Amino acid sequence: MGYDFSAIEQKWQKRWEDEHVFEAKEDYSMPKFYALIEFPYPSGAGMHVGHIKAYSGLEVISRKRRMQGYNVLYPIGFDAFGLPTENYAIKTGIHPREVTDRNIKKFTSQLKRVGFSFDWTRVIDTTDEDYYKWTQWIFRKMFDHGLVFRAKTLVNYCPSCKVVLSNEDSQGGKCDICHSDVVQKSKDVWYLRITEYADKLLNGLDSVDYLPYIRLQQENWIGRSEGAFVNFALAGTDDIIRIYTTRCDTMFGATFMVIAPEHPLIDKHRDMIRNISAVEAYRAECAKKTEFERTQLVKDKTGVILDGLYAVNPATGKNIPVYISDYVMMGYGTGAIMAVPAHDERDYDFAKKFGIDIIEVIKGGNIEEGAYTGDGEMVNSGFLNGIQTKKEAIARMLEFLKEKGLGEKGVQYKMKDWAFNRQRYWGEPIPIIHCPHCGMVGVPYEELPLRLPEVKDFAPGVGGESPLASIDYFVNCKCPKCGGDAKRETDTMPQWAGSSWYFLRYCDPHNDKEFASKEALKYWLPVDWYNGGMEHVTRHMIYSRFWHRFLYDIGEVPTAEPYAKRTAQGLILGPDGEKMSKSKGNVVDPNDVVDEYGADVLRVYVLFMGDYASTAPWSENGVKGCKRFLDRIYGLTSMLCDGDEFSKKLEMSFHRTIKKVSEDIETMKFNTAIAALMTLLNEIYDAKTINRAEMKAFLTLLSPFAPHISEELWENIGGEGMLANGKWIDFDESKTVADTVEIPVQINGKLRGTVVVPADADKDTAIAAANADEKIKGYLDGHTVVKEIFVPGRMINIVIK
RNA sequence: GCGGGCGUGGCGGAAUGGCAGACGCGCUAGAUUUAGGAUCUAGUGUUUUCAACGUGCAGGUUCAAGUCCUGUCGCCCGCACCA
């Protein structure tokens with residue numbers, strides 16, 4: 001069989017575009033639905049089947065919503081600043097602008113071939129100056145509100161990309177872009193004070209509907225912990241060592257302290273440290289280690305005592321030794337801890353190695369064998385002795401600390417401030433000017449966008465500075481405040497900047513007065529449903545929630561949270577079950593699939609291949625199965641007959657299928673929705689006939705998945721208008737149930753037969769029917785019936801002895 | 001190590017505690033075709049048919065367990081010396 005999918009698909013794509021079918025309407029009185037997918041990075045490799053799966057989910061939902069009368073905004077754009085384009089430009093000498101334009105063109109044509117119902121009038125390119133003007137504008141607002149700062153710190157630096165990376169971009173000690181080893185380097189970098197928003201980002205999760213594991217990942221990322229700050233006096237000085245602990249209940253067991261090798265107290269009191277040379281040697285050794293090496297959990301702890309320094313345990317009043325060790329980080333808490341070896345595994349390992357006292361303060365474990373971290377009765381703990389629970393002991397200790405002025409309750413987060421800069425060309429210039437008199441001054445709002453200047457060489461300088469640093473006319477400028485000579489910042493923003501607010505621009509993409517009008521934002525926000533990959537759940541999602549929340553706080557957007565609902569699709573693996581990669585040669589190009597089978601087949605297959613959220617391997621045979629399905633649908637026309645309502649024979653099947661497809665789309669169970677359509681198709685083929693009303697219903701249900709073939713057949717059977725503009729179909733619950741049902745009869749839980757009873761049969765009727773059955777009779781013969789269970793319309797179970 | 005998820009035919013996967021394996025792939029046989037491909041029809045969990053046994057493994061709850069509970073093994077994904 002087969003049909004000319006290529007001609008049909010081009011025909012309908014053109015019609016949809018000519019008649020503006022998928023453009024969101026300016027009619028703000030309509031109910032709205034804002035569906036958002038993560039806009040792609042337009043790489044040179046072109047689209048990946050993963051993109052197709054990612055967009056097909058909300059595509060189906062958006063098409064259904066339009067047919068249900070919603071004003072749907074389903075936009076698309078390109079997140080186009082970034083390193084791959086720039087690296088390509090360095091290699092080939094072609095300007096990143098040109099590379100980007102070419103790649104966007106390629107992506108656009110590929111996306112259009114699939115027939116996605118995006119609103120192409122709202123397309124965004126983050127590298128467009130009309131767009132990044134507003135990225136800079138928001139940054140400047142943050143600067144004005146004290147959320148931007150500059151600090152000299154150890155940064156993650158990629159020697160290959162010559163670029164400073166955020167913690168998020170250097171997970172596992174590898175550069176997220178080129179995968180080479182990241183090293184630590186001291187550098188002046190820009191930060192966004194995202195930690196100030198930690199609680200807002202955490203609490204905001206209560207008001208949104210994210211899949212539970214997505215929410216959990218965000219919570220873990222923010223990493224809030226409640227504990228106490230405690231001041232330990234440094235014996236013989238006026239100084240204190242301030243620590244953070246979540247287990248102040250164990251303080252009587254603190255037999256030593258550990259401070260980070262970078263801790264400032266070491267230099268301050270170096271005169272008192274008798275083994276300062278050994279300490280310096282250890283510090284030098286630590287400095288060589290990468291962040292990754294330092295964060296490897298190792299049983300074999302290293303460290304050096306600070307000989308001559310003692311701290312005073314505020315609970316016991318005793319002097320305890322102080323060590324430095326790299327298992328304590330400067331970047332979390334206060335960079336110092338009280339060590340309680342009996343009840344903390346790391347402290348236990350350390351104490352064993354260095355022969356330090358281990359004092360049990362909570363009963364329940366065996367401190368000869370290891371640390372006990374569970375709950376139990378307090379011992380060896382002065383005023384805490386006898387207390388039975390951790391919770392109570394913590395409360396008592398906090399009271400004690402407060403009375404003595406030695407400490408107080410405190411909260412810590414794992415999340416760190418966001419390193420917000422790159423020493424690269426292809427990014428948004430940071431709109432700041434360094435003035436010798438006025439300090440850091442923002443580029444005036446009316447001068448935005450601060451355009452990327454033309455350069456000849458895109459490669460970063462040898463010192464790792466941005467290519468912009470070598471352009472005199474860009475660097476040298478006047479201070480907007482005092483008018484004196486000043487220097488312009490030459491760093492650019494990181495990859496994540498443009499995507500932190502793009503969903504706002506979609507609401508009003510051509511506005512040149514504001515990033516979007518208040519009316520548009522009020523109508524469209526929040527995004528009703530955001531779908532994307534799991535890999536963006538912690539970075540992009542947290543960053544954009546932060547920007548959005550900031551804009552909300554300064555009155556620029558109407559909602560506190562940007563995304564009302566978030567889901568994620570599963571990965572598509574190669575046919576060999578491995579992750580697709582060029583080197584493995586297992587990459588499936590969506591273009592090839594469209595060429596050979598058509599866009600409708602591609603769309604149906606990516607949704608049918610398995611559970612939407614799960615990882616599943618690509619199967620060429622699976623694609624062929626979907627092709628066969630659509631071919632068989634095309635063949636329905638040959639058995640078409642007249643009829644304005646469902647035939648008796650198929651009526652129930654249709655109502656059931658409408659119900660199933662409608663519900664499954666809402667829960668993203670696309671695979672079972674398609675399976676239901678296949679089942680119905682098989683029934684139609686069994687019946688050997690389909691009437692016009694049935695055909696229309698079938699095409700309506702099919703159209704979100706396979707819109708081209710649906711439109712074509714709709715037109716062929718004389719359907720009114722375009723299906724894309726058509727009406728979704730309702731079902732009648734009462735018609736989804738049969739008059740009679742065949743229900744299983746179990747004896748002692750084992751299936752022994754079936755009986756046919758009226759669907760609304762009561763227990764007596766059903767049991768009587770079962771008892772009348774010859775086969776069942778045989779089983780019951782000579783036994784006593786103990787119990788009869790009847791689940792209406794479902795089953796009978798007779799318990800006998 | 002901690003947190004989360006998952007183990008169902010040859011494969012991808014279905015199953016509000018109620019007939020396990022929907023749907024698709026693959027496979028087998030037949031039809032059609034010069035042949036291949038395509039298509040159509042029938043079959044397809046395992047074992048020896050009646051029947052019995054079957055959802056990683058071992059227990060438990062229940063009239064009834066893939067589903068709930070306990071333990072255990074294996075795999076996947078996050079986070080990872082976070083004090």
Side-chain angles (χ1 to χ4, degrees), chain A residues 1-2 171-172 212-221 223-225 227-228 243-248 250 257-258 260 292 294-299 301 325-329 331-340 344-347 349-350 373 412-416 534-535 537-538 570-571 573 577 604-605 608-611 613-626 628-629 631-632 635 660 669 671-682 685 742-754 786-800:
Chain A
M1 218 183 316
Q171 291 180 51
Y213 59 98
I214 292 175
R215 179 191 172 134
L216 195 70
Q217 231 170 287
Q218 295 208 357
E219 284 172 351
N220 290 342
W221 191 264
R224 182 191 155 95
S225 90
I243 61 119
Y244 175 73
T245 179
T246 53
R247 293 297 306 273
C248 66
T250 63
M257 299 191 80
V258 185
F292 180 63
R294 277 197 63 175
T295 54
Q296 285 307 286
L297 180 72
V298 284
K299 268 288 187 208
K301 297 279 184 284
S325 172
D326 65 356
Y327 83 90
V328 173
M329 313 286 150
Y332 183 78
T334 60
I337 63 161
M338 66 169 195
V340 184
D344 181 286
E345 280 172 37
R346 295 152 301 174
D347 299 347
D349 295 339
F350 194 88
T373 54
Q412 280 292 301
Y413 301 92
K414 286 187 201 174
M415 189 168 71
K416 302 199 174 107
M534 276 312 289
E535 70 276 18
V537 158
T538 43
L571 219 60
L573 302 175
V604 170
Y605 177 65
F608 181 65
M609 62 192 297
D611 176 51
S614 301
T615 303
W618 186 267
S619 156
E620 184 77 13
N621 280 326
V623 179
K624 283 181 186 161
C626 292
R628 232 167 269 162
F629 170 56
D631 284 345
R632 272 157 62 82
K660 176 87 180 143
K669 293 173 78 172
N671 55 338
T672 50
I674 293 166
L677 288 170
M678 288 173 169
T679 307
L680 179 58
L681 181 67
N682 290 340
Y685 266 90
E742 188 185 11
I743 60 171
V745 180
Q746 297 177 352
I747 310 283
N748 287 349
K750 286 208 190 315
L751 180 68
R752 295 302 183 192
T754 58
V786 180
K787 200 169 177 184
E788 287 163 334
I789 292 123
F790 173 64
V791 183
R794 304 295 310 220
M795 51 83 63
I796 292 167
N797 189 13
I798 301 172
V799 185
I800 58 172

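Quick note on labels: first sequence line is chain A, next is B, and so on, each numbered from 1. Side chains included, hydrogens not; waters and symmetry mates left out as well; all remaining heavy atoms used. A quick note: this is a predicted structure, and the numbers were derived from the prediction, not measured.
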[X] [atom1] - [N] [atom2] separation (whole Å):
X: A:Arg215; N: B:rG5; atom1: CZ; atom2: C1'; value: 18 Å
X: A:Tyr685; N: B:rC40; atom1: OH; atom2: P; value: 7 Å
X: A:Leu571; N: B:rC6; atom1: CG; atom2: C1'; value: 16 Å
X: A:Ile214; N: B:rG5; atom1: CD1; atom2: P; value: 14 Å
X: A:Gln412; N: B:rC82; atom1: CD; atom2: P; value: 13 Å
X: A:Leu751; N: B:rC19; atom1: CG; atom2: C1'; value: 5 Å
X: A:Gln218; N: B:rG78; atom1: CD; atom2: P; value: 16 Å
X: A:Ile747; N: B:rC19; atom1: CD1; atom2: P; value: 16 Å

- [ ] May I ask you to decide if the ring planes of A:Tyr327 and A:Phe350 are parallel, tilted or perpendicular, using 30° and 60° as cut-offs?
- [x]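 Tilted, since the angle between the ring planes falls between 30° and 60°.
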
From the options [options], select the nucleotide whose nearest atom is closest to the side chain of [X].
X: A:Thr246; options: B:rG4, B:rG18, B:rA83; answer: B:rA83
X: A:Asp611; options: B:rA14, B:rC53, B:rC79; answer: B:rA14
X: A:Arg794; options: B:rC81, B:rG12, B:rC19; answer: B:rC19

TODO: Compare every heavy atom of A:Pro744 with every heavy atom of A:Leu751, then report the nearest pair and how far apart it is.
DONE: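 The answer is CD1-CB, 3.5 Å.
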
- [ ] Indicate the atoms forming the closest heavy-atom contact of A:Arg247 with A:Met338, along with that distance.
- [x]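 That would be O-CE, 3.4 Å.
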
Sugar-phosphate, base or nothing in reach of [X], heavy atoms under 4.0 Å:
X: A:Asp347; result: nothing
X: A:Glu742; result: base
X: A:Met795; result: base
X: A:Val791; result: base
X: A:Arg224; result: nothing
X: A:Leu216; result: sugar-phosphate
X: A:Thr754; result: nothing
X: A:Lys669; result: sugar-phosphate

TODO: May I ask you to verify if any side-chain N or O of A:Tyr332 is less than 4.0 angstrom from the OP1 or OP2 atom of B:rA83?
DONE: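 The answer is yes; a side-chain N or O of A:Tyr332 sits under 4.0 Å from OP1 or OP2.
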
- [ ] Compare side-chain N and O positions of A:Lys414 against OP1 and OP2 of B:rC81 and report whether any pair is under 4.0 Å apart.
- [x]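 Looking at the OP1 and OP2 atoms of B:rC81, neither is under 4.0 Å from any side-chain N or O of A:Lys414.
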
Task: A:Phe629/A:Leu677 under side-chain contact (heavy atoms from CB on, under 4.5 Å): CA gap, chis, key distance, verdict - done: CA-CA 9 Å; A:Phe629 170 56; A:Leu677 288 170; 4.0 Å; yes

Nucleotide opposite [N] in a Watson-Crick or G-U pair, distances under 3.5 Å:
N: B:rC6; answer: B:rG74
N: B:rA35; answer: none
N: B:rG12; answer: B:rC23
N: B:rU62; answer: none
N: B:rG30; answer: B:rC40
N: B:rC53; answer: B:rG45
N: B:rC79; answer: B:rG1

[N] to [M] separation - [atom1] atoms, rounded to the nearest Å:
N: B:rA58; M: B:rG13; atom1: C1'; value: 27 Å
N: B:rU32; M: B:rU39; atom1: C1'; value: 8 Å
N: B:rC40; M: B:rG10; atom1: C1'; value: 25 Å
N: B:rU16; M: B:rA22; atom1: P; value: 15 Å
N: B:rC25; M: B:rC73; atom1: P; value: 40 Å
N: B:rG74; M: B:rU8; atom1: C1'; value: 15 Å
N: B:rC19; M: B:rG4; atom1: C1'; value: 34 Å
N: B:rA65; M: B:rG60; atom1: P; value: 12 Å

TODO: Go through A:Thr245 and A:Val340 one step at a time and tell me if the side-chain contact (heavy atoms from CB on, under 4.5 Å) criterion holds.
DONE: CA-CA 11 Å; A:Thr245 179; A:Val340 184; over 6 Å; no

TODO: For A:Asp344 and A:Ala339, indicate whether the former's side chain and the latter's backbone hold a donor-acceptor pair under 3.5 Å.
DONE: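 Not confirmed, A:Asp344 side chain does not pair with A:Ala339 backbone.
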
- [ ] Answer yes or no: is there a donor N or O on one side and an acceptor on the other, between the side chain of A:Tyr605 and the main chain of A:Trp618, under 3.5 Å?
- [x]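 Judged by distance alone, no pair lies under 3.5 Å.
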
Task: Assigned glycosidic conformation for B:rG9 [threshold 90° from 0] - done: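 Classified syn.
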
- [ ] Using a strict 4.0 Å threshold on nitrogen-to-oxygen distance, state whether A:Arg215 and A:Glu219 make a salt bridge.
- [x]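 Between A:Glu219 and A:Arg215 there is a salt bridge, with a charged N closer than 4.0 Å to a carboxylate O.
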
Task: Nearest-0.5 Å distance, OG1 of residue A:Thr334 to CD of residue A:Gln412 - done: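 Atom-to-atom, A:Thr334:OG1 and A:Gln412:CD are 8.0 Å apart.
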
Task: Single hit among A:Ile743, A:Ile747, A:Thr754 for side chain to side chain contact (heavy atoms under 4.5 Å, CB included) with A:Ile796 - done: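 That would be A:Ile743.
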
- [ ] Between protein and nucleotides 22-27 of chain B, map the contacts as a letter string: B base, S sugar-phosphate only, - none, heavy atoms under 4.0 Å, written 5' to 3'.
- [x] BBSSS-

